[in-house]
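Written below as structure tokens is the structure these notes are about.
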Number of protein chains: 2
Amino acid sequence: MAQSATVERILDAAEMLFAEKGFSETSLRAITGKAGVNLAAVNYHFGSKKALIQAVFARYLTPFAVKLNEELEKYQGTSAEEPPTIEMMLKTVSYTMADIANEYGNGPSVFMRLLGLSYLESQGHLRKFLVDKYGQSFKRVEALLRQVNPELSDVDRFWNWHFMLGTTVFTMAGMNPLRQMSEHSYDQDTPVDEVVKKLIPFLAGGLRGASDAAKAGLSETESVV
Amino acid sequence: MAQSATVERILDAAEMLFAEKGFSETSLRAITGKAGVNLAAVNYHFGSKKALIQAVFARYLTPFAVKLNEELEKYQGTSAEEPPTIEMMLKTVSYTMADIANEYGNGPSVFMRLLGLSYLESQGHLRKFLVDKYGQSFKRVEALLRQVNPELSDVDRFWNWHFMLGTTVFTMAGMNPLRQMSEHSYDQDTPVDEVVKKLIPFLAGGLRGASDAAKAGLSETESVV
DNA sequence: TGTACATCAGTGAACGCGCGTTCACTGATGTAC
DNA sequence: TGTACATCAGTGAACGCGCGTTCACTGATGTAC
């Protein structure tokens with residue numbers, strides 16, 4: 001499917017417009033107009049708008065899942081006795097993502113905004129597609145997280161992992177309006193990679209806060225407050 | 001406007017459907033159908049779909065802004081020498097929000113999901129409406145945050161405040177699918193208030209992580225990694 | 001007390017519009033004999 | 001080498017549909033005299 005120039009142009013245009021306006025607010029006419037191809041080409045190549053949305057994700061996620069697993073291989077050896085720090089893992093994930101997003105699409109903030117939309121827009125088909133296709137690939141990340149903070153229960157780790165994901169997705173998805181607000185209020189723009197640098201200590205601190213609470217509290221969460 | 005039963009029924013139905021499916025995927029026919037009122041009633045009472053969306057937010061946010069400022073009054077006295085802890089402030093905000101959401105609408109998770117959608121769906125009119133109408137009301141929260149972690153610069157505090165907001169919004173907005181995933185993977189459901197209890201140490205830890213990084217690094221953020 | 005008029009919440013049906021999808025078609029390239 | 005057919009990317013125009021909005025209208029309640 002990916003051999004045709006038309007297919008690539010549709011994917012590029014769709015990706016940018018989806019990230020900008022969301023899935024349901026982006027029409028096939030807007031996509032094919034931006035791509036400079038015929039309206040019917042989307043249905044010819046992809047079959048439907050839903051399938052196009054999934055293809056946009058697959059173009060990022062398939063190489064990302066492969067690359068991330070390769071990168072995380074490196075930590076498998078040094079695992080049990082000397083676990084990697086939270087910050088090391090976060091850097092690995094974020095750098096891998098940035099590399100992939102630059103190579104295969106329109107960059108990391110577009111990618112993250114798509115991820116954010118995939119959670120919040122009610123595209124049931126998309127959630128199912130992502131879980132079915134990529135759920136298995138990210139089991140290794142889960143296993144590594146267990147080594148980073150073994151004091152958390154599996155359920156607690158699940159939730160804190162999604163807290164981290166949420167912070168990241170929300171930040172990247174709202175990057176442009178947030179930067180505008182920062183500029184407007186403090187006369188100071190913050191480039192995307194500066195934001196990511198601020199994000200990492202926040203995420204790491206959050207995970208440590210959760211671990212500390214688990215060590216201190218043990219079922220009586222009230223005591224930490 | 002709020003004296004008519006029809007108006008309230010439209011707001012209730014709209015709120016639930018917006019939270020469930022997003023703004024652009026919810027039609028006026030669905031809203032008026034659920035509310036049991038005539039299709040034209042929305043345009044009669046509110047003028048347009050956009051104005052309805054704004055009215056749904058106003059019903060929550062107007063009392064919330066008032067109540068939150070009242071609650072935070074209490075900390076103003078004890079401020080400079082003995083600042084409130086991060087956890088205290090987070091509890092105040094979250095409890096106030098839960099109270100308001102239960103009293104004026106369909107509960108906290110619906111409210112937070114609406115907030116999340118307001119960031120991620122490209123409803124330009126809505127963002128403008130929220131900033132114009134409520135921006136000023138939340139200046140006090142900003143001032144209190146400054147007392148909690150004075151070592152952060154204003155810009156850093158802005159970003160970390162939005163990291164916290166992002167975590168919360170994302171979590172509450174995706175509450176249902178996340179709970180399903182937790183149940184599916186660990187055979188263990190997590191009630192909403194349990195999730196909030198897990199969230200607070202994460203947020204507090206994140207803010208502490210940012211403060212520590214600021215104290216340690218001072219412009220050379222690299223050193224914390 | 002009765003009549004005429006104004007106001008207002010709500011209605012039913014229709015409006016035009018943009019949407020995703022479909023379909024018959026074209027023209028270029030490859031393949032079989 | 002030439003002819004007939006098949007395959008395939010891409011096209012132009014139309015399809016039906018659901019959308020937000022509009023408009024003339026109804027019926028109940030309030031107000032002036």
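Residue numbering restarts at 1 for every chain, and letters A, B, ... go by the order of the sequence lines.
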Considering only heavy atoms, which members of residues 33-43 of chain A lie under 4.0 Å from some atom of DNA chain D?
-> A:Asn38, A:Ala40

Given the side-chain rings of B:Phe129 and B:His125, with only the six-membered ring counted for Trp, is the space between their centroids under 6.0 Å?
-> no

Treating a pair as Watson-Crick (purine N1 to pyrimidine N3 plus N6-O4 or O6-N4) or G-U wobble (N1-O2 and O6-N3) with both distances under 3.5 Å, list the stems of 3 or more consecutive pairs that involve DNA chain D.
-> C:2-33 with D:2-33

Please name the pair of heavy atoms, one in A:Asn69 and one in A:Ser137, separated by the smallest distance, quoted to 0.1 Å.
-> ND2-O, 3.1 Å

Please check if atom NZ in B:Lys67 has more than 12 non-hydrogen atoms from other residues, nucleotides or ligands closer than 6.0 Å.
-> yes

State whether the side chain of B:Lys34 and the backbone N or O of B:Asp12 hold a donor-acceptor pair below 3.5 Å, judged by distance alone.
-> no

Rounded to the nearest 0.5 Å, how far apart are CG of A:Leu207 and CD of A:Glu87?
-> 9.5 Å

Inspect the contact between A:Arg59 and A:Glu15 and indicate whether a charged nitrogen and a carboxylate oxygen are less than 4.0 angstrom apart.
-> yes

Return the value, rounded to whole Å, for the distance between atom CG of A:Leu28 and atom C1' of D:dC17.
-> 15 Å

For the rings on B:Tyr60 and B:Tyr104, is their centre-to-centre separation under 6.0 Å?
-> no

Does C:dG10 have OP1 or OP2 sitting under 4.0 Å from an N or O in the side chain of B:His45?
-> yes

Verify the ring-centre separation between A:Phe163 and B:Phe202: is it less than 6.0 angstrom?
-> yes

Which residue lies more 5' along DNA chain C, comparing A:Arg29 with B:Thr6 via nearest heavy atoms | B:Thr6

Integer-rounded Å distance: C:dG18 P and A:Ile31 CD1 | 17 Å

Among D:dT21, D:dC8, C:dG10, find the nucleotide with the atom closest to the side chain of A:Tyr44.
-> D:dC8

Taking CD1 from A:Ile10 and C1' from D:dT11, how many angstroms apart are they, rounded to a whole number?
-> 13 Å

Please state whether the phosphate of C:dG18, meaning OP1 or OP2, lies under 4.0 angstrom from any side-chain nitrogen or oxygen of A:Ser27.
-> no

A:Met112 side, atom CE; A:Phe170 side, atom CZ - distance, nearest 0.5 Å | 12.5 Å

Separation of D:dC19 atom P from B:Lys21 atom NZ, nearest Å, is 11 Å

Using a 4.0 Å heavy-atom cut-off across all strands, classify A:Thr26 as base, sugar-phosphate, or nothing.
-> sugar-phosphate

Whole-Å distance separating the CG atom of A:Leu17 from the C1' atom of C:dG20 = 16 Å

Tell me: NZ of A:Lys49 to P of C:dT21, nearest whole Å?
-> 8 Å

